[in-house]
Amino acid sequence: MKKIMGLLLTVVLVMGLFVGCGSKNKETEPTGGKDNNQVSDEGKDSTEDVSTDKPKVGVTIYKFDDNFMTYTRNAMTSAAEGNAELIMNDSQNNQSVQNDQVDVMISKGVDSLVINLVDPGAAPTIADKAKAAGIPVIFINKEYPDGTDKIDYDKSWYVGTQSKESGDIQGKLVAEAWKEHPEWDRNGDGKMQYVMIMGEPGHPDAEARTKYSVEYIKSEGIEVDELEKQTGMWDATKGKELMTTWLGKEGDKIEMVLCNNDGMALGVVEALKADGYFSDDKFMPVVGVDAIPEALDLIQGDIMLGTVLNDPLNQGRVSIEMAINAALDKDVLEGLDFQLDETKAVRIPYQPITKDNLGIAKEAYGME
Ligand code: GAL
Ligand code: CA
């Protein structure tokens, strides 16, 4: 009897497995819906095109709920239109979720991968999976800290920026404005008392922006005092919380706010407004990086001092075109106006953005 029960149980379990598999496959089958890549679709797969003669490109974004990556993601969707079948995944800021998504895409037979890592250090793990499946992988936005050339896979590349450049440009923008505005040295001690809001710890962009912005300011002969420095994880709400706390603690000792991205700068501006800034001549210089449209509006309105353009259209487009080339066994750069550096990376230049050249940033974000 026991034996029969055991057998029955096994049969039921195995059937359950089959049923489970079947419904799972159905769920992740390409849908062809173009609007599926919206932020509201968090966590679900979506596919750009149902035709099978075009290369299938599997994409993961570290999390959909990120301002800048949303623009990059949309640029990818546009670049894929008519050229590739795109499978887009929200890794929900969880590396093991991302690893699973990569396994699923490989089992679905994708021809290449575009990966925005959650943890930059996980690049070799993903590259091993791609290598075992014999498909190319393009990493984007979060660079393997040792360099993509140190990953043991010939078919792996990186598309992003030169992180240091964003720090240098931000520092230059701040130094120039500081020299033009002696009144910003509120306590008249000849030094710049600043607060720093950083992006994710361990993120090459966050580390470089934090370091090189201040180094550049100092290299311009400006003395600085760091009043506060903390991570706001690229996030507006966290930026607002930090700034509110610091305004309570440091009050008008703060003379400059450096943010690793615009998302956090938007939060900072909200906190400052709530404290009476940006009305009745009460001003605080705030800078960010990315040049997202909301920040451009604040620059236009003389609220934010400036930002650094991080070009999402080119980063999105180049990564998809490289993934298509690699999938078709062509030269990875075919048809592209970019070069690979010695670390197998394509680096899209950053640009300083102030009220004088907002048009450049608007164009890069497809606003003009
Ligand atoms: C940076 C960008 C940030 C955030 C981050 C995500 O390049 O400036 O705003 O999107 O990438 O990895
Ligand atoms: Ca001062």
Side-chain angles (χ1 to χ4, degrees), residues 60-75 90-91 93 95 98 115-120 122 139-145 158-167 169-170 178-179 181-195 197-210 213 217 222-227 231-236 238-239 250-256 259-267 284-285 287-295 307-312 314-316 319 347-351 353 361 364-365:
T60 64
I61 300 296
Y62 90 102
K63 63 171 186 173
F64 276 14
D65 183 20
D66 175 292
N67 273 324
F68 172 73
M69 286 315 299
T70 301
Y71 289 99
T72 308
R73 177 156 57 91
N74 291 339
D90 178 358
S91 301
N93 212 15
Q95 189 58 51
Q98 181 165 88
I115 304 295
N116 176 208
L117 295 160
V118 176
D119 168 8
F139 293 102
I140 57 159
N141 171 260
K142 290 199 195 181
E143 186 170 12
Y144 181 48
Y158 177 70
V159 176
T161 60
Q162 184 66 263
S163 302
K164 176 178 183 290
E165 200 178 85
S166 51
I169 293 175
Q170 193 187 60
W178 179 261
K179 287 179 180 173
H181 291 276
E183 76 279 10
W184 289 355
D185 180 14
R186 293 195 195 182
N187 62 356
D189 68 349
K191 291 186 191 170
M192 179 194 296
Q193 274 76 28
Y194 72 89
V195 296
I197 306 197
M198 301 181 292
E200 266 179 280
H203 191 306
D205 287 348
E207 306 287 337
R209 289 172 194 171
T210 302
S213 56
I217 295 168
I222 297 167
E223 280 188 77
V224 298
D225 254 350
E226 182 176 87
L227 296 181
T231 176
M233 298 301 285
W234 305 124
D235 181 73
K238 296 211 172 66
E250 308 284 353
D252 50 15
K253 281 192 213 143
I254 304 169
E255 298 174 339
M256 175 71 68
C259 304
N260 280 180
N261 82 343
D262 287 343
M264 299 184 294
L266 300 183
M284 176 78 80
V287 288
V289 175
D290 284 341
I292 55 171
E294 297 91 325
T307 185
V308 182
L309 170 63
N310 192 6
D311 181 340
N314 272 315
Q315 290 176 51
S319 64
R347 303 195 186 271
I348 314 284
Y350 285 109
Q351 292 188 65
I353 300 294
Y365 275 80

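The model shown is predicted, which means the values in this text are computed figures rather than measured ones. In each ligand, atom 1 is the first atom listed, and ligand 1 is the first ligand listed.
- Within ligand 1, counting atoms from 1 as listed, the ones closer than 4.0 Å to a heavy atom of Asn261 are 3 (C), 9 (O).
- In this structure, the side chain of Gln95 engages the main chain of Val118 through a donor-acceptor pair within 3.5 Å.
- For Ser163 (side chain) and Arg209 (main-chain N/O), no donor-acceptor pair under 3.5 Å exists by modelled atom type.
- Not one N or O on the side chain of Asn116 forms a donor-acceptor pair closer than 3.5 Å with the backbone of Thr60.
- The pair Lys142-Glu200 counts as a salt bridge, with a side-chain nitrogen and a carboxylate oxygen less than 4.0 angstrom apart.
- When each of Ile222, Val224, Ile217 is checked for a side chain to side chain contact (heavy atoms under 4.5 Å, CB included) with Trp178, only Ile222 meets the rule.
- Listed by atom number, the atoms of ligand 1 under 4.0 Å from His203 heavy atoms are 5 (C), 6 (C), 11 (O), 12 (O).
- Judged purely by distance below 3.5 Å, without hydrogens or angles, the side chains of Asp290 and Thr307 never pair a donor atom with an acceptor atom.
- Gln162 places no side-chain N or O within donor-acceptor distance of the main-chain N or O of Pro349, the cut-off being under 3.5 Å.
- At least one N, O or S atom of Lys191 sits under 3.0 Å from the Ca ion (ligand 2).
- The Ca ion (ligand 2) lies at the vertex of an angle of 70° between the OE1 atom of Gln193 and the OE1 atom of Glu255 (rounded to 10°).
- Close approach to Asn310 involves these atoms of ligand 1, each under 4.0 Å from a residue heavy atom: 2 (C), 7 (O), 8 (O).
- Within the set Asp235, Asp290, Asp205, the minimum heavy-atom distance to atom 8 (O) of ligand 1 is found for Asp290.
- Among the heteroatoms counted here (N, O or S) of Asp189, OD1 is the one nearest to the Ca ion (ligand 2).
- In this structure, a donor-acceptor pair under 3.5 Å is present between the side chains of Tyr194 and Glu226.
- Every atom of ligand 1 is numbered from 1 in the order shown, and the set under 4.0 Å from a heavy atom of Lys142 is 12 (O).
- When hydrogens are left out, the protein atom nearest atom 12 (O) of ligand 1 is Asn141 OD1, 2.6 Å; that is the closest non-hydrogen contact.
- Our summary of the site lists the angle at the Ca ion (ligand 2) between OD1 of Asn187 and OD1 of Asp185 as 80°, to the nearest 10 degrees.
- Side-chain atoms of Asn310 and Gln315, non-hydrogen and from C-beta on, do get closer than 4.5 Å to each other.
- Among the backbone and side-chain atoms of Asp225, none of the N, O or S atoms lies under 3.0 Å from the Ca ion (ligand 2).
- Near Asp66, meaning under 4.0 Å from one of its heavy atoms, ligand 1 places the atoms 4 (C), 6 (C), 10 (O).
- For ligand 1, the atoms closer than 4.0 angstrom to any heavy atom of Phe68 are 2 (C), 9 (O), 10 (O).
- Using a 4.0 Å cut-off to heavy atoms of Arg209, the atoms of ligand 1 that qualify are 2 (C), 7 (O), 8 (O).
- With hydrogens and angles disregarded, a donor-acceptor distance shorter than 3.5 Å links the side chain of Asn261 to the backbone of Trp234.
- Near Tyr62, meaning under 4.0 Å from any of its heavy atoms, are these atoms of ligand 1: 6 (C), 12 (O).
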